[in-house]
Amino acid sequence: MQTIEVNGLVFEEYLSAENIAEIVGNVAERINTDYTGKEPLFICVLNGAFMYASDLFKKITLPSEITFVRLKSYEGTATTGEVKILTPLTMDIQGRDVIIIEDIVDTGLTMHGFMHQLRGMGANSVELTSFLFKPEALKYADATPKYIGLEIPTKFVLGYGLDFDEKGRNLPALYVLRS
Ligand code: 5GP
């Protein structure tokens, strides 16, 4: 088992770069099939999803576009999470078939709020792909991604764009915190 140390914590390899490429290829194939005849607009959620978005987008064979947002979510006392778009959307999503690209859906708070906002901006459809999904941590059922790379247990992971205190994003494999 290959392990690495980041900021004093030990992580074990969970998915190799080869496993990841296969997972991403499978998601791309499903999207290519489901959106045949359409021109989807992908929205990559920075920072974590940049690697997944890059690999996925290269495998999309449809005429399509990509744009980027940075989000901040607040866990309030109300059941609806508030999500602030830190970098404004630079593309008009009116009438578009939007596919959000996220790195990981945990409680679903961020995607619950963001998808709600996008629908309010007049998108024709809003779907979500997430490289990873933690079903046992989900609190907002409407944030369940349609296109999931892999379901994982509720454990902290890093690598492949995901960080621990901004470290580890450059790792080509995915690692899980040793328990
Ligand atoms: P949610 O709003 O679904 O609770 O959280 C989503 C965000 O939390 C992700 O975009 C990611 O930034 C962060 N996150 C959740 N779980 C993990 C994890 O296991 N590792 C890392 N690096 N970030 C995580």
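We use all heavy atoms of the structure for the numbers below, so side chains are in, but hydrogens, waters and symmetry mates are not. Order of listing sets the numbers, starting from 1, for every ligand and every atom in it.
Considering both main-chain and side-chain atoms, Met111 never comes within under 3.5 Å of ligand 1 through any nitrogen or oxygen pair.
A donor-acceptor pair shorter than 3.5 Å cannot be found between the side chains of Tyr160 and Asp103. Using a 3.5 Å distance cut-off with no hydrogens or angles, the side chains of Thr129 and Tyr52 do pair a donor with an acceptor.
Counting heavy atoms from C-beta outward, Phe42 and Ile31 have side chains that approach closer than 4.5 Å. Between Leu162 and Leu132, the closest side-chain pair of non-hydrogen atoms falls below 4.5 Å. Counting heavy atoms from C-beta on, the side chains of Ile99 and Tyr35 come closer than 4.5 Å.
For the pairing with Leu150, the side-chain contact (heavy atoms from CB on, under 4.5 Å) check across Tyr14, Phe131, Phe133 returns one residue only, Tyr14. Between Leu118 and the options Ile85, Val69, Val126, a side-chain contact (heavy atoms from CB on, under 4.5 Å) holds for only Val126.
For atom 22 (N) of ligand 1, the candidate residues are Asp163, Ile152, Val83, Leu158; the nearest heavy-atom contact is made by Asp163. Comparing Thr110, Asp106, Ile104, Val105 against atom 9 (C) of ligand 1, the shortest heavy-atom distance belongs to Ile104. Remark: among candidates Leu138, Thr107, Thr154, the nearest residue to atom 1 (P) of ligand 1 is Thr107, based on non-hydrogen atoms.
Not close to ligand 1: Gly48, with no non-hydrogen atom less than 4.0 angstrom away. At least one heavy atom of Phe156 sits closer than 4.0 Å to an atom of ligand 1. For Lys139, the heavy-atom gap to ligand 1 stays at 4.0 angstrom or more.
For atom 23 (N) of ligand 1, the nearest protein heavy atom (residue, atom name, distance) is Leu162 CD2, 3.9 Å.
For the pair Lys167 and Phe164, the cation does not sit on the ring face, since its NZ or CZ is not both under 6.0 Å from the ring centre and inside 45° of the axis.
Listed by number with element, the atoms of ligand 1 under 4.0 angstrom from any heavy atom of Lys155 are 19 (O). Atom numbering of ligand 1 starts at 1 in the shown order; those under 4.0 Å from a heavy atom of Glu102 are 10 (O). Heavy-atom contacts of Lys134 reach the following atoms of ligand 1: 16 (N), 17 (C), 18 (C), 19 (O) (cutoff under 4.0 Å).
Contacts between Leu132 and ligand 1 below 4.0 angstrom, taking non-hydrogen atoms only, are absent altogether.
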